[in-house]
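Throughout, protein chains are lettered first and strands after them, A, B, ... in sequence-line order, and every chain is numbered starting at 1.
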Protein chains: 2
Amino acid sequence: MSDATSKPPSHAAIFGAATQLFAEKGYAATSVRDIGAAAGVDASLVIRHFGSKEQLFIDTMKIDLDHNPLMAGPLESLGERYIDFILTADDQVRGVFLALLRASDSGSIGTELRSAHEDAFVSPIKQRLDGDDADLRARLAGSLVGGLLYSLWVVGDETLAATDHRQIVRRYGALLQALITP
Amino acid sequence: MSDATSKPPSHAAIFGAATQLFAEKGYAATSVRDIGAAAGVDASLVIRHFGSKEQLFIDTMKIDLDHNPLMAGPLESLGERYIDFILTADDQVRGVFLALLRASDSGSIGTELRSAHEDAFVSPIKQRLDGDDADLRARLAGSLVGGLLYSLWVVGDETLAATDHRQIVRRYGALLQALITP
DNA sequence: GTCTATAATTGGATAGAC
DNA sequence: GTCTATCCAATTATAGAC
């Protein structure tokens with residue numbers, strides 16, 4: 001961790017290959033052998049470097065949404081801007097969200113999903129809310145946002161996916177806004 | 001299907017055991033051997049009767065929400081009543097929803113989730129909506145409802161689970177109501 | 001650090017006797 | 001209709017040579 005030689009190149013190669021494969025094909029459908037092959041190393045190295053398949057999954061599947069510019073904007077339009085932001089999230093975010101969701105029946109992965117959900121969908125909004133029911137409203141906001149991802153990405157509602165984003169932003173954003181500024 | 005002798009008792013025993021095990025432990029964690037043992041028959045019978053594990057899963061994991069009495073009520077209070085109805089759904093519904101969700105990366109199971117979502121969360125509401133954007137509003141209602149199940153059951157938001165149902169019904173129901181009667 | 005070889009298990013599905 | 005026996009494929013993880 002401290003000196004430059006502590007992580008061999010294979011470590012990064014495995015990490016990169018695992019990140020891509022898990023996000024593309026999910027946890028169960030991705031074998032340690034697949035990861036090793038994609039990284040150009042033997043499968044046993046994967047375990048040696050990361051301990052277990054599950055640990056590697058937890059290490060790689062992090063949702064990294066940087067919404068600083070988003071959250072800094074005016075509170076009155078946060079609802080619409082947040083939904084717009086979510087709708088334009090990139091493929092990697094979708095892959096990680098789906099992989100975490102589908103593998104969440106394993107205890108430690110469930111914990112990981114819980115904290116990812118909290119960090120990405122609850123806390124950012126909660127920080128900008130006032131009042132004694134701010135916590136409840138932020139959690140319902142998390143449900144609302146998660147529900148859109150659920151119907152678009154898990155269910156795969158094609159009608160919704162084909163709908164002009166601006167319509168969804170307007171209608172669904174208004175609902176989110178009602179939780180932010182009641 | 002037509003005469004009484006076409007389905008041996010083992011058929012029903014397997015069906016019942018599979019329904020329970022899939023809902024409790026999920027698709028991947030339930031083996032055909034587990035199902036056979038729980039039904040008191042050999043594992044090979046499971047395949048002989050249902051063709052494959054996946055087919056048995058699809059046959060058993062049906063969400064059966066009877067919301068006739070709910071949907072018949074006044075439209076102005078449908079939002080709150082629907083959320084209340086969802087929050088008090090029984091364990092079986094939760095198990096089936098979770099199992100379908102987590103196994104939905106298999107193509108045919110994904111199709112099953114799609115139709116279950118449509119039948120349980122979109123169509124019932126859509127039938128009571130008017131206007132040219134009724135379809136969009138019904139689909140967003142489905143997202144909203146699905147999102148509540150997602151955060152309660154998949155994420156396992158314990159704060160939300162410990163919150164008085166009436167508070168959730170009031171706040172989240174109002175959002176659903178805004179889609180029903182804008 | 002890296003690979004070869006393999007352990008140890010488990011899974012779904014099938015053939016064929018009864 | 002039901003069971004015994006088995007096949008075949010795939011998995012994660014480890015031991016040990018280099």
Exercise. Could you state the atom-to-atom distance from CD1 of A:Ile35 to C1' of D:dA13 in whole Å?
Key: 14 Å
Quiz item: So, B:Arg139 and B:Glu118, do they make that salt bridge, N to O below 4.0 Å?
Solution: yes
Practice problem: Give one of base, sugar-phosphate or nothing for A:His49, where a contact means two heavy atoms less than 4.0 Å apart. | Solution: sugar-phosphate
Practice problem: Would you kindly give the CD-to-P distance between A:Glu54 and D:dT11, to the nearest whole Å? | Solution: 17 Å
Self-check item: Check ion pair B:Arg94-B:Asp91 (N to O, under 4.0 angstrom)
Solution: yes
Quiz item: Between B:Ser10 and B:Arg33, who's closer to the 5' end of DNA chain D by nearest nucleotide?
Solution: B:Ser10
Quiz item: In whole Å, what is the span from the CZ atom of B:Arg48 to the P atom of D:dC3?
Solution: 12 Å
Quiz item: Can you tell which of D:dA13, C:dC3, D:dT2 lies closest to the side chain of A:Leu45?
Solution: C:dC3
Quiz item: What integer distance in Å separates B:Leu56:CG from C:dG12:P?
Solution: 11 Å
Practice problem: Check the distance between C:dT14's C1' and B:Phe50's CZ and give it to me in whole angstrom. | Solution: 18 Å
Quiz item: Taking the side chain of B:Ser44 as its heavy atoms from C-beta onward, which of C:dT2, C:dG12, C:dA15 lies nearest to it?
Solution: C:dA15
Quiz item: B:Asp42 has a side chain; which of C:dC3, D:dC3, C:dG12 sits nearest to it?
Solution: D:dC3
Quiz item: Taking 4.0 angstrom as the limit, do B:Arg166 and B:Asp164 come out as a salt bridge?
Solution: yes
Pair up each side-chain donor or acceptor in residues 11-23 of chain A with any protein partner under 3.5 Å, not counting sequence neighbours, and list the distances.
unit_1, atom_1, unit_2, atom_2, d
A:Thr19, OG1, A:Phe15, O, 2.7
A:Gln20, NE2, A:Glu24, OE2, 3.1

Quiz item: Between B:Ile14 (CD1) and D:dG1 (P), how many Å, whole number?
Solution: 11 Å
Quiz item: Looking at D:dT14, C:dG12, D:dT2, which one has an atom nearest to any side-chain atom of A:Ile47?
Solution: D:dT14
Quiz prompt | Interatomic distance where CG belongs to B:Leu21 and P belongs to C:dG11 [whole Å] | solution = 13 Å
